[in-house]
Amino acid sequence: MTIATAPAVSVAPLTNLLAAPAKTTFKAQMLQAREDAIVLAVNRLLAEKGFDLMTVDEVAADVGIAKASLYKHFSSKEDLAAAAMVRVLGLAQAFLASLAPDAKPLAQLKAVARWMLQIQLKGEMPSLPSQNSSLRANLMANKNYLTGLTEVSDQIGSWIEAAQLDGSLSSKVPAVVVLYTLYSRACDPVPGFLKASGQHTDEQIIDIVLATCFDGITQR
């Protein structure tokens, strides 16, 4: 096998590579801060009211900016919802990365479901309609959304398959059904009903929902 000779490198390009990156301008920082505030407002409003009831005017008022200023960052209500979902998927990726890699697959899945329920009870889980063609088209065209969703689904899917192989999860239920069942915890109405009753703490509610999700409701 022939080892190629490394090409000569001039001093100027090397100096440029080693130079400190240019600092972000104050204007760019302010624009990013405004965009972050918009996404946080959208996230909260979607959790509280859902996509259909949330309005762009409401988002702008919540952030304290003109509607025209908001449109400089996001061109539509669908874009706003997509940005909120990208944010949540980023949080999910960070959470998955924080889990102990040597934990058993079922424990990983329970941890993921618990995290979803915690986010929902905090009022931070966006609520999107399952049937909305324009929103779906926007999400499918959003590269960051698709990348995040694929990475999260692949990781959770690998744990589902491993749990089915080791016998801790039923192999009679298709892995994709288990995946969707776990995802549905993010929009499960039961935690909200229990929280409204005032009879349980958030952790008790989460334990109840996890028990029904993983253990079922029949006598064992």
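We count residues from 1, following the sequence as given. What you see is a predicted model, and the numbers here were worked out from it, not measured in a lab.
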Side-chain (Lys195) to main-chain (Val190) donor-acceptor, under 3.5 angstrom
no
Do Cys213 and Arg185 touch side chain to side chain, with heavy atoms closer than 4.5 Å?
yes
Where Phe214 and Ala113 come nearest, the two heavy atoms and their spacing
CE1-CB, 4.0 Å
To the nearest 0.5 Å, atom CG of Asn132 lies from atom CZ of Phe51 at 5.0 Å
Is it true that the side chains of Asp57 and Thr55 contain a donor and an acceptor less than 3.5 Å apart?
no
So, for Leu128 and Leu139, which heavy atoms are closest and what is the spacing to 0.1 Å?
CD1-CD1, 4.4 Å
Nearest-0.5 Å distance that lies between atom CD in Gln120 and atom CD1 in Ile206:
9.5 Å
Note, Pro105 side chain near Ile160 side chain (heavy atom, < 4.5 Å):
no
Give a yes-or-no answer on whether the side chains of Ser158 and Glu161 include a donor-acceptor pair shorter than 3.5 Å.
no
Closest heavy-atom pair, Pro126 versus Met85, reported as atoms and distance to 0.1 Å, is CB-SD, 3.9 Å
Heavy-atom side-chain contact between Lys49 and Glu58 under 4.5 Å
yes
Shared hydrophobic cluster for Leu40 and Phe95 (ILVMFWY, side-chain gaps under 4.5 Å)
no
So how far is it from His73 NE2 to Gln32 CD, rounded to the nearest 0.5 Å?
9.0 Å
Show the nearest heavy-atom pair for residues Gln164 and Ser171, with the distance to one decimal.
NE2-CA, 4.1 Å
Approximate separation, where rounding is to 0.5 Å, of Gln93 CD and Ser98 OG
12.5 Å
With sequence neighbours excluded, give me every salt bridge (charged side-chain N to carboxylate O under 4.0 Å, His left out) pair touching residues 114-124.
Arg114-Glu203, Arg114-Asp207
Decide whether Ser153 and Tyr183 meet the rule of one side-chain donor and one side-chain acceptor closer than 3.5 Å.
yes
Same cluster or not: Val63 versus Leu53, using hydrophobic residues (I, L, V, M, F, W, Y) connected whenever any side-chain heavy atoms lie under 4.5 Å apart?
no
Side-chain heavy-atom pair Arg34, Leu70 within 4.5 angstrom cut-off:
no
Measure from the side-chain N and O atoms of Thr212 to the backbone N and O of Val209, and report whether any donor-acceptor pair falls under 3.5 Å.
yes
Between Ile205 and Leu117, is there a side-chain heavy-atom distance shorter than 4.5 Å?
no
Side-chain heavy atoms nearer than 4.5 Å, only ILVMFWY residues, links allowed to pass through others: does that put Leu165 and Val177 together?
no
The reported gap from CD in Gln118 to CE in Met125 (rounded to nearest 0.5 angstrom) is 10.5 Å
Can you tell me how far NZ of Lys72 sits from CD1 of Ile65, rounded to the nearest 0.5 angstrom?
9.5 Å
Return yes if some donor-acceptor pair links the side-chain N/O of Gln108 with the main-chain N/O of Ala100 below 3.5 Å, else return no.
yes
Quick one: does any side-chain atom of Ser168 pair with a main-chain N or O of Ala163 as donor and acceptor, under 3.5 Å?
yes
Hydrophobic cluster membership, with links at side-chain heavy-atom distances under 4.5 Å among I/L/V/M/F/W/Y: are Leu31 and Leu80 in one?
no
Phe74 side chain reached by Val42 side chain, heavy atoms, under 4.5 Å:
no
Apply side chain to side chain contact (heavy atoms under 4.5 Å, CB included) to residues Leu96 and Leu99 and explain how you reach the verdict.
CA-CA 5 Å; Leu96 295 181; Leu99 295 175; 4.3 Å; yes
Heavy-atom pair of closest approach, residues Leu89 and Gly148:
CD1-C, 4.1 Å
Any non-hydrogen side-chain atom of Trp159 less than 4.5 Å from a side-chain atom of Leu106?
no
Cluster overlap Tyr180 with Val152, hydrophobic side-chain contacts below 4.5 Å
yes
Walk me through whether Ile119 and Val88 qualify under side chain to side chain contact (heavy atoms under 4.5 Å, CB included).
CA-CA 9 Å; Ile119 296 297; Val88 170; 5.7 Å; no
Run Val59 and Lys77 through side chain to side chain contact (heavy atoms under 4.5 Å, CB included) and show every step you take.
CA-CA 10 Å; Val59 175; Lys77 181 177 173 180; over 6 Å; no
Side chain to side chain contact (heavy atoms under 4.5 Å, CB included) evaluation trace for Asn142 with Asp79
CA-CA 9 Å; Asn142 189 304; Asp79 281 345; over 6 Å; no
Determine the minimum heavy-atom distance between Gly123 and Ala47, stating which atoms define it.
O-CB, 3.2 Å
